[in-house]
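Heads up: the structure comes next, in structure tokens.
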Amino acid sequence: MNDKVEIRNVLQPGKTYRVDAAKFTEASAALLSILPTEAPGMTQGAMTAAMRETLPADRFPGTTSSWWMKSAQLHLEAEGAVVRDKTKPLTWRRT
């Protein structure tokens, strides 16, 4: 049985989702390790590419790394650990 963790979404306040705790923890740590602390941060495309290189393909096959990256980004943004810069295109960075 997989342990679950509740995550939040900055775009849907008050709503939570239950996801695999181990995969979410791994994806969150990977995202925090690749995001810069200085503006302008990273675009979503750059984050996606970096996450595919960082996460193990056997645990995050194909495009699942993108789903876990976005889930981690939205949750970490809701928690205040990641901020969205109002650039074009949008960029994100660690706080």
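Starting from 1, each residue takes its place in the sequence as its number. The model shown is predicted, which means the values in this text are computed figures rather than measured ones.
Residues Leu76 and Leu31 are in side-chain contact: their nearest non-hydrogen atoms beyond the backbone lie under 4.5 Å apart. Taking 4.5 Å as the limit, some side-chain heavy atom of Leu35 sits within range of a side-chain heavy atom of Met47. Using a 4.5 Å heavy-atom threshold, the side chains of Ile7 and Ser71 count as touching. Leu74 is listed as a side-chain neighbour of Lys70, based on a closest heavy-atom distance under 4.5 Å. With contacts defined as side-chain heavy-atom distances shorter than 4.5 Å, the pair Met51/Ile34 qualifies. Side-chain contact between Met42 and Thr91: absent, with no pair of heavy atoms (C-beta onward) separated by less than 4.5 Å. By the 4.5 Å heavy-atom criterion applied to side chains, Leu32 and Val82 are counted as neighbours. Taking 4.5 Å as the limit, every side-chain heavy atom of Arg8 sits out of range of all side-chain heavy atoms of Lys15.
Side-chain contact annotation: Arg52 with Ser66, donor-acceptor N/O pair under 3.5 Å present.
Annotation for Pro89 and Thr43: closest pair CG-CG2, 3.7 Å, computed over non-hydrogen atoms. Nearest approach of Gln44 to Trp92, heavy atoms of both residues: N-CZ3, 3.7 Å. Residue Ser65 comes nearest to Leu55 through the heavy atom pair CB-CD1, 4.0 Å, listed as atom of the first residue, atom of the second, then distance.
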Stepwise side-chain contact (heavy atoms from CB on, under 4.5 Å) test for His75 and Asn9:
CA-CA 5 Å; His75 176 76; Asn9 180 334; over 6 Å; no

Show your reasoning for whether side-chain contact (heavy atoms from CB on, under 4.5 Å) applies to Val19 and Trp67.
CA-CA 12 Å; Val19 299; Trp67 187 90; 3.9 Å; yes

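Rounding to the nearest 0.5 Å gives a distance of 6.0 Å between OG1 of Thr64 and NZ of Lys23. Between atom OG1 of residue Thr48 and atom CE of residue Met69 there is a gap of 3.0 Å, rounded to the nearest 0.5 Å.
Between Trp68 and Phe24, the two ring planes are tilted [angle within 30° to 60°].
The existence of a salt bridge linking Arg93 and Asp85 is confirmed by a sub-4.0 Å separation between a basic side-chain nitrogen and an acidic carboxylate oxygen.
The closest donor-acceptor contact from the side chain of Lys4 to the backbone of Tyr17 lies at 3.5 Å or more, if one exists at all.
Here Thr25 pairs with nothing under the side-chain contact (heavy atoms from CB on, under 4.5 Å) rule; sequence neighbours left out.
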